[in-house]
Number of protein chains: 4
Amino acid sequence: MPPEYIEPIPRADLHLKGKREQTKAQNREMILEAARRVFAELGYGAATVRDIIRTTPLASGTFYNYFRSKEEVFQAIQDESALRIRPRLHEERAKAQSIEEFISGTFRTFFEFVANDEANFRAIHRNTDTLRVRMDTAEIIAGFQELREDLETAIAKGLLPPVDADFLMAALIGVAFELAERMLRREFADTNATAEFATALFMGGIRALPNVPSLAPPANA
Amino acid sequence: MPPEYIEPIPRADLHLKGKREQTKAQNREMILEAARRVFAELGYGAATVRDIIRTTPLASGTFYNYFRSKEEVFQAIQDESALRIRPRLHEERAKAQSIEEFISGTFRTFFEFVANDEANFRAIHRNTDTLRVRMDTAEIIAGFQELREDLETAIAKGLLPPVDADFLMAALIGVAFELAERMLRREFADTNATAEFATALFMGGIRALPNVPSLAPPANA
Amino acid sequence: MPPEYIEPIPRADLHLKGKREQTKAQNREMILEAARRVFAELGYGAATVRDIIRTTPLASGTFYNYFRSKEEVFQAIQDESALRIRPRLHEERAKAQSIEEFISGTFRTFFEFVANDEANFRAIHRNTDTLRVRMDTAEIIAGFQELREDLETAIAKGLLPPVDADFLMAALIGVAFELAERMLRREFADTNATAEFATALFMGGIRALPNVPSLAPPANA
Amino acid sequence: MPPEYIEPIPRADLHLKGKREQTKAQNREMILEAARRVFAELGYGAATVRDIIRTTPLASGTFYNYFRSKEEVFQAIQDESALRIRPRLHEERAKAQSIEEFISGTFRTFFEFVANDEANFRAIHRNTDTLRVRMDTAEIIAGFQELREDLETAIAKGLLPPVDADFLMAALIGVAFELAERMLRREFADTNATAEFATALFMGGIRALPNVPSLAPPANA
DNA sequence: GATGAATGAGAATTCATTCAT
DNA sequence: TATGAATGAATTCTCATTCAT
């Protein structure tokens, strides 16, 4: 039931390093890729390290030369994703000249990332045992926190009315993940349409929000 | 680390049955309660049947007189919750005379339920192993589907503009769960404020949504 | 997979006792009958007490009013069989006027018993887990021992030549059980033909046996 | 109560393989040997995988690197025995020029095998829980079938009179196992005497058997 | 006596991780 | 560094037996 082994695609960007280095990097990537597929298919709980390495030409012991534990490889997947998307999202929002750009830039970037990185998204967000999973690594929490800070900055700059930034962040995230999920279930993942839907919702909604500051404790999200 | 055993509260509503019956009902409830606490604390993946039964004065074998597996007890918790809230939500939406009543009724009912039923909500929605969990039992999927159908009915009645009901459902659910989570983290769970926030967001937002029917396959949500 | 409950046949011979007594005897017989069928189908190892009482209208606790353990009920089945057949076999051999009567009486009686009491025979002799089982209760060992003594008596009386009685007993028993098994597998259990085969074999064979006394320790079989 | 761990005898025939291979082969043999002893002492039903592994310096999980279950190791023991003796028996019978050679060759080979391989024989044939066990693996059934076919061939060649080959096979097997059992209980296992006894019995007996073909279904034994 | 739920020791098995080669 | 067998703690689950009703 776990995915079969698939011959690794040689990566052009590995050419320059020494052979040793190269193999090491390749093995690491192999394991990550295998883990992504296995987690996506079986879910974190049900997946075993053996499932992962079985999808690989490597031996089980080799796994531990690259990752200290099953959890570490899971976190690596998450962080890799979060690390790649966080700066993009932040940049998008930083350069926003209007609330519209802020919102639509966030959603567009997110949905495009999800569509192009479906395996990662699924590995993190999906789970078999009848359960769906969401993430909580340091990287991701930091990403949430950053969004909230960006919202507060936008309020300070007068770009946004003084709404509850904590709740607004939550609403943005809830909508982003839930719509992403729905989008991926459709025949054709129309990132534009999805982003437009979400943007319209928030553009219309934000104006109507009660103008009160957040009641959440400011420091820890 | 799993919660300690806590003396069960004697229930007045058990007076009428025979002692045998009463003990059975109590034991079942004991196990459910223990499971709720253990899932909330450790998450579904990390929790073991032993953790659950240890939180109880019962013997390990007794668990299996009531539930066939960890999964079954988890589903029982989910279904119990969903079974209790689904009719309330549906009723609220059915009697709505306006879009405002539809949206605000839904959120208000949901946040009140969550606040009063925190243990259940946490057992289902939270998860430690670095993961958070969301629900996918038949009952809950049915609840989602029902919301979508209620939205479609509202569109047909002209209560709502002809928006993508599948996406709107997803947005409502994403916001509901994510705000609930945030609400519970605050010192005082202000269900009114939370419902107002969510309602305002959608009341403003819905008007702005693109007027197109859902692109999702209509039958299976 | 274990046999279904079958309404008990009321036994005429229970009429005379008091109602209490009667029920007790009936329950005992019910359990024995159920055990016979369950052991025959699943084998002693795989059969559980629950399997047995499930085949009965009784409750699990009731089992222990009649038998102290699973083993005890198994022994009761064995002893019941052995107790019923032993005197018949012994009598048959005691009244034998010739070696022919001795041998043929033994086999005929045994095969008829087996054919009429197939459930008992199977309960004792068969076993699923891929295994076949033979019996070793006190009653049965006593039966083997009795056969050996009867052989020795026959030798003393000059009915039989002075052969190794221990080995002859073993040969008789081996042939008896193995042929019984084969006989029951055939479409029609022809006890006469089977007895004739076995008798002919031994009638011819005994004459040819080396005339030496048994080398086995005489006391314990 | 299960046997204690006994230091393994270093095998000369393992010299050539690599250390890894060697250890693997040794461990497998260790487990088999332990299983033989445990089955012989406790019987198949009562023996547990834990009993087997405890008799070994290995860890419990290691058992499952070699055998999938208790049943599998039991079958391995049986098949190992059957695999070793079957060709010898068949060969013995094939080269028989007379009925005497056929019968005596069979018994002599069998009793010698049993005496030299007592642990295996006991592991398979003995059983405590009040039960004795006989074997039914594919290998062994095939061995029985082969005996029957050899008998039929002998009949066709005129070596044997046209008797019921199925019953004759059963009688040979019953006598072989039952005498083997008795033989092992004696102070000194005299395979010659035992084989002579059995041979004499059948040599005399076969001549007396009714001359009819088998009534058993020919295909499956 | 009958009932059937509770008990808890113990079985089989899994699997993350270690470690000798 | 790669290998893959060994490890053994931990888990799920069964079931003979007990015991309150």
Side-chain angles (χ1 to χ4, degrees), chain A residues 19-21 23-24 27 46-54 56-73, chain B residues 18-28 46-53 56-71, chain C residues 19-21 23-24 27-28 45-54 56-73, chain D residues 18-28 31 46-53 56-72:
Chain A
K19 182 108 181 282
R20 223 9 170 341
E21 292 291 299
T23 308
K24 269 183 70 176
N27 284 351
T48 71
V49 172
R50 283 160 83 119
D51 289 333
I52 295 169
I53 55 105
R54 218 180 290 130
T56 263
L58 305 171
S60 64
T62 306
F63 178 91
Y64 291 88
N65 291 337
Y66 295 93
F67 300 97
R68 242 193 309 269
S69 66
K70 179 171 109 168
E71 188 169 341
E72 195 172 293
V73 79
Chain B
K19 183 108 185 268
R20 275 305 242 304
E21 292 288 301
Q22 196 175 322
T23 309
K24 260 182 81 172
Q26 252 177 5
N27 284 350
R28 194 189 141 87
T48 72
V49 171
R50 278 158 87 109
D51 288 332
I52 295 170
I53 207 66
T56 262
L58 304 172
S60 65
T62 304
F63 178 90
Y64 293 92
N65 291 341
Y66 292 93
F67 302 97
R68 248 193 302 274
S69 64
K70 180 172 91 164
E71 186 169 342
Chain C
K19 182 106 181 284
R20 220 11 169 336
E21 293 289 301
T23 308
K24 270 182 66 174
N27 283 352
R28 193 188 141 87
T48 72
V49 172
R50 283 160 83 121
D51 288 333
I52 295 170
I53 55 104
R54 217 180 291 129
T56 262
L58 304 172
S60 64
T62 306
F63 178 91
Y64 291 88
N65 291 337
Y66 293 93
F67 300 96
R68 243 194 307 269
S69 66
K70 180 171 109 169
E71 188 170 343
E72 195 173 293
V73 79
Chain D
K19 183 111 185 264
R20 278 301 246 303
E21 292 288 302
Q22 197 175 321
T23 309
K24 260 183 80 173
Q26 252 177 3
N27 284 351
R28 195 189 140 87
I31 292 172
T48 71
V49 171
R50 280 157 85 109
D51 288 332
I52 295 170
I53 207 67
T56 261
L58 304 172
S60 64
T62 305
F63 178 89
Y64 293 91
N65 290 340
Y66 293 92
F67 302 97
R68 246 194 303 274
S69 64
K70 179 173 91 164
E71 186 169 343
E72 197 172 293

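Order of the sequence lines fixes the chain letters, A, B, ..., with proteins taken first and strands second; residue numbering starts at 1 for each chain.
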statement: Applying salt bridge (charged side-chain N to carboxylate O under 4.0 Å, His left out) to D:R28 and not counting sequence neighbours gives none
task: Return the set of residues passing side-chain hydrogen bond (donor to acceptor under 3.5 Å, both in side chains) with C:T48 (not counting sequence neighbours), or none when no residue passes.
output: C:D51
Whole angstrom value for the distance that separates P of F:dC13 from CD1 of B:I52: 11 Å
- request: Using the criterion of both pairing distances under 3.5 Å for Watson-Crick and G-U wobble pairs, give all stems of 3 or more consecutive pairs involving DNA chain E.
  value: E:2-21 with F:2-21
task: Rounded off to whole Å, could you give me the CZ-to-C1' distance for the B:F67 and F:dC13 pair?
output: 16 Å
- prompt: Tell me the salt bridge (charged side-chain N to carboxylate O under 4.0 Å, His left out) pairs involving residues 56-70 of chain D, sequence neighbours left out?
  reply: D:R68-D:E72
query: So does D:N27 get a side-chain nitrogen or oxygen closer than 4.0 Å to the phosphate oxygens (OP1/OP2) of F:dA6?
result: yes
Could you tabulate the donor-acceptor pairs under 3.5 Å formed by side-chain atoms of residues 58-67 of chain A, not counting sequence neighbours?
residue : atom : partner : partner atom : Å
A:T62   : OG1  : A:A59   : O            : 3.4
A:Y66   : OH   : A:N27   : ND2          : 3.2

- request: For C:Y66, answer base if it contacts any base atom (sugar-phosphate contacts may also be present), sugar-phosphate if it contacts only those atoms, and nothing otherwise; contact means non-hydrogen atoms under 4.0 Å.
  value: sugar-phosphate
message: How many whole angstroms separate atom CD of B:Q22 from atom C1' of E:dG4?
response: 17 Å
query: Relative to the 5' end of DNA chain F, which residue comes earlier, A:F63 or D:L58, by the nucleotide with the nearest heavy atom?
result: A:F63
message: Tell me the interatomic distance from D:K24, atom NZ, to E:dT21, atom C1', rounded to whole angstroms.
response: 14 Å
task: Calculate the interatomic distance between C:R54 atom CZ and E:dG4 atom C1'; express it in whole Å.
output: 13 Å
message: Measure CD1/B:I53 against P/F:dC13 and give the value in whole Å, please.
response: 13 Å
statement: Smallest heavy-atom separation, D:I31 atom then D:I52 atom, equals O-CG2, 4.0 Å
message: Output the rounded distance in Å from CD (D:E21) to P (F:dG4).
response: 11 Å
Quick test: give all pairs of protein nitrogen or oxygen and nucleotides 14-16 of chain E nitrogen or oxygen below 3.5 Å, distance rounded to 0.1 Å.
residue : atom : partner : partner atom : Å
E:dA16  : OP2  : A:V49   : N            : 2.7

